Amino acid sequence: MTFDVDPTDLLESSARAIAERVEELLAASGPLPIVTAGHPVLRRAAVPFEGQLPPALLARFVGALRETMRAAPGVGLAAPQVGVPLQIAVIEDPAKVSDEVRVARGRVPVPFRVLVNPSYEALDAERAAFFEGCLSVPGWQAVVARPARVRLRALDEEGTVVDEEFTGWPARIVQHETDHLDGTLYLDRAESRSLSSNEAVAARWGQPTSERAASALGFRLPG
Ligand code: CO
């Protein structure tokens with residue numbers, strides 16, 4: 001299969017165009033507008049960060065991503081979600097959940113951090129299946145079976161190498177955000193029959209695990 005490439009799309013990925021786009025975004029105060037599913041920027045592989053933004057601009061951009069993630073609120077945000085096709089994402093999870101949920105889902109707090117040019121690999125065959133959502137797909141959630149343990153390789157915002165293992169909910173967050181940088185949305189990996197509105201999740205599927213939803217909606221869980 002081939003795609004016609006619009007030359008203006010290629011220009012958008014040049015270092016100068018990206019820096020200009022970021023300057024434009026930062027000119028307005030407050031959280032950045034989040035683009036939603038259907039925008040092509042969410043479906044293209046972002047380009048590796050190779051200094052396209054000078055250090056001061058990168059710092060301001062990361063600060064704006066953090067502010068936007070917190071305001072949403074969300075536990076992660078990738079640069080393409082604000083229309084910037086760079087491999088940069090931020091994550092942070094205060095994990096304000098019940099003990100029961102924390103234990104069942106491995107949802108422990110994640111301090112704020114920046115992932116630059118991240119990639120991950122599953123450490124074993126075990127998968128965990130829980131409802132997740134995305135700020136670019138507002139109003140909906142679906143169950144995604146993801147590797148329970150991953151090794152994440154990335155850089156931080158200072159260019160220091162990150163090579164770490166993640167488990168539990170933090171493993172889900174780093175997979176979800178890294179997928180964004182590859183043009184993948186969680187819906188691509190979701191059990192489609194689990195698709196539920198936020199209202200339905202709040203009313204019916206707040207249990208710590210996904211078994212009841214699987215049996216009522218008719219989808220399979222791993223293992
Ligand atoms: Co998302």
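Predicted, not measured: the structure shown is a model, and the values here were computed from it.
- With 3.5 Å as the limit, one finds a donor-acceptor pair spanning the side chains of Thr209 and Glu211.
- Once rounded to the nearest 0.5 Å, the distance linking NE2 of His176 with CG of Leu185 reads 7.5 Å.
- With rounding to the nearest 0.5 angstrom, the CZ atom of Phe61 is 6.0 Å from the CD1 atom of Ile88.
- Panel note: side chain Ser197, backbone Trp140; no donor-acceptor pair is recorded below 3.5 Å.
- Between the CZ atom of Arg220 and the OG atom of Ser210 there is a distance of 15.0 Å, given to the nearest 0.5 Å.
- Contact check on Glu67 versus Arg70 returns no salt bridge, with no Lys/Arg side-chain nitrogen under 4.0 Å from an Asp/Glu carboxylate oxygen.
- Taking the charged nitrogens against the carboxylate oxygens, Asp156 and Arg113 have no contact shorter than 4.0 Å, which rules out a salt bridge.
- Side chains of Val82 and Val35 form no contact here, defined as non-hydrogen atoms less than 4.5 Å apart.
- Atom CZ of Arg21 is separated from atom CG of Leu26 by 10.0 Å, given to the nearest 0.5 angstrom.
- The side-chain heavy atoms of Asp93 and Pro109, taken from C-beta on, include no pair separated by under 4.5 Å.
- Salt-bridge formation is detected for the pair Arg146/Glu132: a Lys NZ or Arg NE/NH1/NH2 atom is positioned less than 4.0 Å from an Asp or Glu carboxylate oxygen.
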Stepwise side-chain contact (heavy atoms from CB on, under 4.5 Å) test for Trp205 and Leu217
CA-CA 11 Å; Trp205 310 131; Leu217 300 177; 3.8 Å; yes
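- Salt-bridge annotation for Asp188 and Arg43: present, with a side-chain N of the basic residue lying under 4.0 Å from a carboxylate O of the acidic one.
- Using a 4.5 Å cut-off on side-chain heavy atoms (C-beta onward), Val137 and Thr36 make no contact.
- Atom OG1 of Thr68 is separated from atom CG of Leu135 by 9.5 Å, given to the nearest 0.5 angstrom.
- Within the 4.5 Å cutoff, side-chain heavy atoms of Val150 are placed close to those of Pro147.
- With salt bridges taken as basic N to acidic carboxylate O contacts below 4.0 Å, one links Glu23 and Arg60.
- Here Asn117 contributes atom CG and Arg153 contributes atom CZ; the two are 14.0 Å apart, rounded to the nearest 0.5 Å.
- Scored by the ring-ring contact (aromatic ring centres under 6.0 Å, His included) test, Phe130 finds Trp169 as partners (sequence neighbours excluded).
- Glu177 places no side-chain N or O within 3.5 Å of a backbone atom of Val174 that could act as its donor or acceptor partner.
- Cation-pi geometry between Arg66 and Phe112 is met: the NZ or CZ atom falls under 6.0 Å from the ring centre, inside 45° of the normal.
- Between the side chain of Glu92 and the main chain of Pro111, no donor-acceptor pair closer than 3.5 Å is present.
- For Arg149, the side chain to side chain donor-acceptor pair (under 3.5 Å) test picks out Asp124, Glu126, with sequence neighbours left out.
- Side-chain atoms of Ser196 and Gln141 form no donor-acceptor pair, as typed in the model, at a separation below 3.5 Å.
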